Amino acid sequence: MKTQSAFSKQNSFNFIFVILTSAGFGYALVNQFLLDKPNLGFLVQMAFLSIASVASWQRNKKRN
């Protein structure tokens with residue numbers, strides 16, 4: 001069984017990971033559509049990282 005501090009570290013890591021991937025995904029979208037500097041590889045990577053981070057956060061939320 002994990003201690004309370006391990007849960008709080010994991011929750012803060014999940015929150016930071018979601019924020020950073022959301023920012024990266026937003027940056028990729030702005031580059032793709034507003035600045036006309038397409039980088040499809042980066043956009044796809046950030047989309048998958050965003051989906052994975054939200055899924056991980058939701059999975060840990062259900063587990064606790």
Side-chain angles (χ1 to χ4, degrees):
M1 189 166 154
K2 291 185 180 179
T3 62
Q4 186 64 25
S5 63
F7 281 129
S8 65
K9 286 180 185 177
Q10 193 173 23
N11 287 340
S12 62
F13 174 75
N14 285 336
F15 180 73
I16 291 170
F17 191 56
V18 167
I19 295 296
L20 289 177
T21 56
S22 298
F25 186 54
Y27 175 74
L29 285 174
V30 167
N31 273 344
Q32 183 76 20
F33 297 111
L34 296 180
L35 300 178
D36 290 329
K37 297 179 183 175
N39 188 352
L40 190 59
F42 182 63
L43 180 63
V44 170
Q45 286 176 356
M46 292 312 297
F48 281 122
L49 274 177
S50 296
I51 291 168
S53 66
V54 170
S56 173
W57 183 34
Q58 292 297 318
R59 188 186 74 194
N60 286 333
K61 215 162 82 170
K62 281 187 178 182
R63 194 183 304 168
N64 296 334

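Just so it is clear, the model here is predicted, and its values are computed rather than measured.
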**Q** How long is the span from the CZ atom in Phe25 to the CG atom in Leu20, to the nearest 0.5 Å?
**A** 15.0 Å
**Q** Starting from Ile19, can I reach Val54 by hopping between I/L/V/M/F/W/Y residues whose side chains sit under 4.5 Å apart?
**A**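 In one cluster: no.
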**Q** Rounded to the nearest 0.5 Å, what separation is found between the OG atom of Ser56 and the CG atom of Leu49?
**A** 11.5 Å
**Q** Once you round to the nearest 0.5 Å, how far does CG of Asn39 lie from OH of Tyr27?
**A** 9.0 Å
**Q** So, taking the atom named CZ in Arg59 and the one named CG in Asn14, what distance separates them when rounded to the nearest 0.5 Å?
**A**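 Between atom CZ of Arg59 and atom CG of Asn14 there are 8.5 Å.
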**Q** What pair of heavy atoms forms the shortest contact from Ser50 to Thr21, and how long is it?
**A**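 Closest pair (atom of Ser50, atom of Thr21, distance): OG-O, 3.2 Å.
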**Q** Grab the two heavy atoms, one from Gln32 and one from Leu40, that are nearest each other, plus how far apart they are.
**A**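 Minimum heavy-atom contact is OE1-N, 3.9 Å.
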**Q** In the single-linkage hydrophobic clustering (I, L, V, M, F, W, Y; side-chain heavy atoms under 4.5 Å), do Phe48 and Met46 co-cluster?
**A** yes
**Q** Using the rule that two of Ile, Leu, Val, Met, Phe, Trp, Tyr join whenever any of their side-chain heavy atoms come within less than 4.5 Å, decide whether Trp57 and Phe17 are in one cluster.
**A** no
**Q** Indicate the atoms forming the closest heavy-atom contact of Phe42 with Gly24, along with that distance.
**A**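 Shortest heavy-atom separation between Phe42 and Gly24 comes out as CE2-O, 4.0 Å.
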